[in-house]
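Working notes for the structure below.
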Amino acid sequence: MNPTYIKEQFIQNLLIWYERNKRELAFRKDKNPYRIWISEIMAQQTRIETMIPYFERFIQKYPDVKSLSQADDDELMAMWQGLGYYSRARSLKKAAIMIMEEYDGVFPLKKEELKKLPGIGDYTAGAIASIAGRQKASAIDGNVIRVFSRLFEFGEDPGKASGKKQMTALVEAFLPEADLCGDFNQALMEIGALVCLPKSPSCSFCPLEKFCLSRKSGKQLEYPMKSIKKPRTIENREIWVIARESMENKKDHSHVSRASYDIKIQKRSEKGLLSGLFEFGEQKPQGKEYRVFDLGSYIHIFSHKEWHMNAKLAVISYEDSERLCQQTDSLQKKPDHAQFVPMDDIASVYALPTAFMPFFNRARKILNDQVNMNQSDSMTIQTIGLENEKDEFK
DNA sequence: AACCCGGGGTC
DNA sequence: GACCCAGGGTT
């Protein structure tokens, strides 16, 4: 058995399995470069099932490069709200503008050209070039790394530069002709997603079983080699959700059911964590009397840090709300205007990170209950416990 | 090379 | 709770 024969067998087994077992995914319907691109960016560090509904909505709103290049920034972030890694969305728009201006609106399909676009690295460039461009290119993601690490009992950390380089050479030694590379790459990923699972690989169903060294040794779970992660840092935060009755209520107090509240939000810095998204802030209202409700505590876990938050809801007067906006502006170096916006616009119009969502849901519930209550009493300070509200925290 | 950047499903 | 997901950018 010569090496060429082994490679042919490997490719044939893989591609036949793929044709029989691949999932019908929305972005596999055609080879449109724009849609392949959007799907690959959304799929970065994100499970396919999670990303599918975002993909459908995104394509509806931004059907092509041109519409994306003209997207409103806040609307774009709202479309991405909840997906995470928000710089992906900003890079998408930047790249769309580059494609319009530097490529005359024609999507580049060569790997080296694709890598010049923001948000497109080694993996994504290879995926687009091979799938949409039918070019000979590898696309090595976490799935491919796991599959090949196990196949050859790969002894280095593929996350490090040396290991990544060797892994690339190994995978590329198995690449078929250009026309088949798109399916080859997707097939390897599909094996990783459906068969060569991190904790319980189904080796007896694997078309590559007879090529797999770790299958023979029984050491599948020792690959890929993993490096030690540093522990997350913990930050404590005191969140103040500040609400006021919206102006509409004052004009029309005969219709209590139409009453609603505005909530103060401000834009986070354009750099760093959750950049460009909105938040409630940590400024306690001061001065006149206002009603306070306890919104409890919540721990939000990011990849690299944890926010341990406590939050309160303050309902203040319309007059105090305007002064508060000015105070908040003066506190910020680069003031993104603190503003009171209708409660129902939050998360749909103003992208709110998932980290704050539990507090927003609780505040909304409390405020809606307030609307349905007769507000004839003169209560000024009120605290509500959380005993029966745990469901609101997820 | 090390660090930063989200959120969610799964076991 | 630990793992890890169709990774990329910055320092």
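Chain naming here is simple, since letters A, B, ... match the order of the sequence lines and numbering starts at 1 in each.
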Whichever of A:Gly192 and A:Gly119 has the more 5' nearest nucleotide on DNA chain C, that residue is A:Gly192
Does the side chain of A:Tyr86 get closer than 4.0 angstrom to OP1 or OP2 of B:dG7 through an N or O atom? yes
Mind checking the P distance from B:dC4 to C:dA6? Whole angstroms is fine. 25 Å
Residue pair A:Gln44 / A:Tyr123, side-chain donor-acceptor N/O under 3.5 Å: no
How close or far is atom P of C:dG7 from atom CG of A:Leu92, stated in whole angstroms? 15 Å
Residue A:Ala161, side-chain heavy atoms: nucleotide from B:dA1, C:dA6, B:dG6 that is nearest: B:dA1
Measure from CG on A:Leu197 to P on B:dC11 and round the result to the nearest Å. 9 Å
Residue set satisfying salt bridge (Lys or Arg N to Asp or Glu O under 4.0 Å) with A:Glu172, at least two apart, ordered chain then number -> none
Rounded to whole Å, please give me the gap between NZ in A:Lys230 and C1' in B:dC4. 9 Å
Residue A:Lys226 excluded, over 12 heavy atoms near NZ under 6.0 Å: no
C:dC4 versus B:dC5 - spacing of their P atoms, nearest Å: 22 Å
Listed nucleotide nearest any side-chain atom of A:Leu274, set C:dG8, C:dA6, B:dG6: B:dG6
Rounding to a whole Å, what distance do you find between A:Gln45:CD and C:dG9:C1'? 13 Å
Just to be sure I understand the rule, does A:Ser303 reach a base, reach only the sugar-phosphate, or reach nothing, if contact means heavy atoms closer than 4.0 Å? base
Under 4.0 Å between any heavy atoms, over every strand shown, what does A:Leu25 touch: base, sugar-phosphate, or nothing? Just pick one. base
So does A:Lys116 pair up with A:Glu102, basic N to acidic O under 4.0 Å? no
Over all strands shown, is A:Tyr123 touching base, sugar-phosphate only, or nothing at heavy-atom distances under 4.0 angstrom? base
Please work out if A:Phe27 contacts a base, only the sugar-phosphate, or nothing of the nucleic acid, heavy-atom cut-off 4.0 Å. base
When we call it a touch if two heavy atoms are under 4.0 Å apart, what does A:Leu83 touch: a base, just sugar-phosphate, or nothing? base
Of A:Leu273 and A:Ser200, the one whose closest nucleotide on DNA chain B sits nearer the 5' end is A:Leu273
A:Asp141 CG to C:dA6 C1', straight-line distance once rounded to whole Å: 4 Å
When the distance from CD of A:Gln44 to C1' of C:dA6 is rounded to whole Å, what number comes out? 8 Å
Which whole number of Å gives the distance between the P atom of B:dG6 and that of C:dT11? 15 Å
Counting heavy atoms from C-beta on, name the nucleotide in B:dG6, B:dG8, C:dG8 closest to the side chain of A:Thr354. B:dG8
In whole angstroms, how far is the P atom of C:dG7 from the NZ atom of A:Lys164? 12 Å
Decide whether A:Asn32 and A:Asp30 meet the rule of one side-chain donor and one side-chain acceptor closer than 3.5 Å. no
From the options C:dA6, B:dC4, B:dG7, select the nucleotide whose nearest atom is closest to the side chain of A:His304. B:dC4
Have a look at A:Phe278 and tell me which of A:Tyr350, A:Phe356, A:Phe360 forms a ring pair (Phe, Tyr, Trp, His ring centres under 6.0 Å) with it. A:Tyr350
Can you say whether the rings of A:Trp37 and A:Tyr34 are parallel (under 30°), tilted (30 to 60°) or perpendicular (over 60°)? perpendicular
Closest-nucleotide 5' rank along DNA chain C - winner of A:Ala43 and A:Lys271: A:Ala43
What is the distance, rounded to the nearest whole Å, between atom CD1 of A:Ile38 and atom P of C:dA6? 19 Å
Hey, are A:Arg150 and A:Glu153 close enough for a salt bridge, meaning a charged N less than 4.0 Å from a carboxylate O? no
Do A:Thr124 and C:dG7 share a donor-acceptor pair, side chain to base, under 3.5 Å? no
Do A:Asp320 and A:Arg244 meet the salt-bridge criterion of a basic N to acidic O distance under 4.0 Å? no
Under 3.5 Å, which N/O atoms of the protein pair with N/O atoms of nucleotides 1-4 of chain C?
unit_1	atom_1	unit_2	atom_2	d
C:dC4	O2	A:Arg47	NH2	3.1

Determine the contact category for A:Glu190: base if any of its heavy atoms lies under 4.0 Å from a base atom, sugar-phosphate if only primed atoms, P, OP1 or OP2 are that close, otherwise nothing. base
Heavy atoms under 4.0 Å, any strand shown: does A:Asp122 hit a base, just sugar-phosphate, or nothing? sugar-phosphate
What does A:Gly272 touch in the nucleic acid at a heavy-atom separation under 4.0 angstrom: a base, only the sugar-phosphate, or nothing? sugar-phosphate
